[in-house]
Amino acid sequence: MDTSEYRDIFLAEAQEYLQGLNTALLELEHNPDEEILQEMFRAAHSLKGMSATMGFQLLANLTHQMENVLDLLRQGLLQVDRNVANLLFESLDLLETLLASLDDPEAGMGQVNALVAKLCSVCDAQPDEGAESGRSDASAEMELDEFEKELIRSAENGECARHIQVALEATCLLKSVRAYMVFKALEKFGHVIKSVPSAQELEEEQFDNSFDIVLLTKTDDETIREELSQIAEVERVTLREVSQESVSKPAEVAKRTESQVKAEVAAGEEANGETKKVVRRSAEKTIRVETEKLDKLINLVGELVINRTRVVELSKSEAMTEMVSSVEQLDRITTDLQSAVMKLRMVPIKQVFDRFPRMVRDLSQEKGKKVNLQIQGEETELDRSIVNQIGDPLVHLLRNSVDHGIEPPGDRVASGKPEEGTVLLDARHEGSFVLISVSDDGKGINADVVREKAVQKGLISSAEAQRLSDEDAARLVFRNGFSTAEQVTDISGRGVGMDAVKTVIESMNGNVDIKTEPGSGTTFYVRLPLTLAIIKALLVELAGETYAIPIESIRENLYVTPADIKTIQGENVINLRDEVLPLIHLDEALGMQATHNHDELSVVVVEAGSRKAGLVVDVLLGQQEIVIKSLSKVVEGIPGVAGATVLGNGKVALILDVSNLI
């Protein structure tokens, strides 16, 4: 069978299973729970079956041995200690590596064999008798409730109750399918009174390789055995009669009539059917769509928005009432369509946050620290393209918090803190932005040390260092090459990788800032736009050309006269409500010839992070929704320019990068 067409689906589902196993294993370390183990066992079993079906035998072999270890944990024959957890984490890491190299069947074979041997040694060290003492022993009586006993006692026409045990082959991949075929075959011979595990658990493969059934039938044992043995992958079928003692009626139970029993059965089946319907509906809330199709849809809606703007402008020049009405309706429909399509691109940031607990656990073990990672706001939604890019910057921030922010347990106790440090990762909506913060309750950043290091490395002069406030000094960690670490490691101190963090975030029209208090901790704030596809912008004119400024960066617009402009250290500034605001003449900043002959200047007050400035332009044209288009490689990388957009009149306008200009 050609499985290549299912490869992308397999990879997507396998990644989901691996992430679920990682999350569950982290929780299991701190809270050993039977439900978590069941969830992990199901995920491992499903991943094993998928891998075998696709022909990825290395994946199937490794997952099969993981399944064996999880089974021992379920039975209580093995305890979740650090060694077992580390071994399972190592297995998950190797599975992820194997998924990334599916094109090379030999890749990782040695690692898989070595890890399988470790997992086997864990299983082999356990006593064998536990495997034989399960509930499926054919000699054991199945426990029946009073309702089930009454069904057996009220049997007519020579029917009797049979206890049937079905054992599947150890290599069976689709156990739920085989169980279904067994039930389907038994329908010809009578009525199933009970199954252990339940029908739902069998359907979800929450069982080992055997299950038990109580059947009310008139058919002889040999016929039933022969029928079931013909089903593929059924290894053994055992039948015996349910003893009269096990269904004897206790004196205190009042007798129920046959009609009451049948009524309860009917009610139970109806309720069960309703439950299944509810489950089915909830399972269909989401659907996978290829990102390429979504991107194409976004591009089409972008073109529609551009043409809508053009039609709206044309309608203003015409006096036809019907046309104006039609255009207004087009405007409403297009806006609704645009909103719906944008929501399709929105995904919860949880898919990025989910990988951090494991990373913090491993890092804290490596550094000999105790760290508790708390996550809030993981359901906050962002544009998919932003979610795909924000992972690496957050990794840098978290690694620095654990390595450089949180102190060793002994130092924390000596300073009156709990020996376990806390790192808080939080996301929340803030207007049209999403604010992500990474906080730690560590030692914070000493501004004097930062100034000294910056001067030593030649990043600033001694005079500049003295003029810097503590807040501005802390921001030096984002300078390229800055570090407060005494020793450079693979994790290192604040500053290593921080310039990359700032660059990536600003490339998404976001900004990053820092607040710190020596002895109490540090918080990094990352502000990101909700989407990068369609935004609102203020259109301005400069030297006859139109430019767009993202509306999220604008705080206000105002007019100033030349008399309002002062000079500080050679720079033009204005006093805005007792705040000194630097003025940036856009024509000069963009390399054009300066023209400042106006009696009154139009100033757009913009903000990036905690910094503000006034952009001097010629004319304010108005607000408009624009579709962001990336620049070609020929002209990309222009300072102060983030992209371009097509206006309603067909002309191209450049989108300004406010953080870069400031």
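Both backbone and side-chain heavy atoms feed into the values below; hydrogens, waters and symmetry mates do not. The chain is numbered in sequence order, starting from 1.
Looking at Ile375 and Lys350, their side chains never come closer than 4.5 Å, going by heavy atoms from C-beta outward. Here the side chains of Ile231 and Val166 are not in contact, with every heavy-atom distance at 4.5 Å or above. Put simply, the side chain of Leu47 does not reach to within 4.5 Å of the side chain of Leu59, judged on heavy atoms. Under the 4.5 Å side-chain criterion, counting only non-hydrogen atoms from C-beta, Leu424 is in contact with Gln376. Between Leu87 and Val69, every side-chain heavy-atom pair lies at or beyond the 4.5 Å cut-off. Taking 4.5 Å as the limit, every side-chain heavy atom of Asp71 sits out of range of all side-chain heavy atoms of Glu67. Using a 4.5 Å heavy-atom threshold, the side chains of Arg162 and Glu241 count as touching. In this structure the side chain of Phe189 never reaches within 4.5 angstrom of the side chain of Leu228, judged on heavy atoms.
Leu73 approaches Leu78 most closely through the heavy-atom pair CD2-O, 3.2 Å. Minimum interatomic distance between Gly190 and Leu215 (heavy atoms only, all atoms of both residues): C-CD1, 3.9 Å.
Of the residues Leu528, Val352, Val434, the one that meets the side-chain contact (heavy atoms from CB on, under 4.5 Å) test with Ile386 is Leu528.
Using bins of under 30°, 30° to 60° and over 60° for the plane-to-plane angle, the ring pair Phe183/Phe211 lands in the parallel bin.
In the displayed structure, Arg355 atom CZ is contacted under 6.0 Å by more than 12 heavy atoms of other residues, nucleotides or ligands. Counted within 6.0 Å of CD on Glu226, heavy atoms from surrounding residues, nucleotides or ligands total 12 or fewer; the atom is thus considered open. Heavy-atom contacts from other residues, nucleotides or ligands closer than 6.0 Å to CZ of Arg42 number more than 12. Within a 6.0 Å sphere centred on CD of Gln230, heavy atoms belonging to other residues, nucleotides or ligands number more than 12.
Side-chain contact check for Gln38 and Arg74: at least one donor-acceptor pair (N or O, by modelled atom type) lies under 3.5 Å.
Without hydrogens or angle criteria, Lys369 side chain to Asp403 main chain gives a donor-acceptor distance under 3.5 Å. Side-chain N or O atoms of Lys175 include one that pairs as donor or acceptor with a backbone N or O of Phe207 at under 3.5 Å. With Asn209 contributing its side chain and Glu169 its backbone, the two residues share a donor-acceptor pair below 3.5 Å.
Sorted by first and then second residue, the pairs that involve residues 81-92 and meet side chain to side chain donor-acceptor pair (under 3.5 Å), not counting sequence neighbours, are Asn86-Arg361.
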Would you please test Arg240 and Thr238 for side chain to side chain contact (heavy atoms under 4.5 Å, CB included) and show each step? CA-CA 7 Å; Arg240 65 185 179 83; Thr238 307; 6.0 Å; no
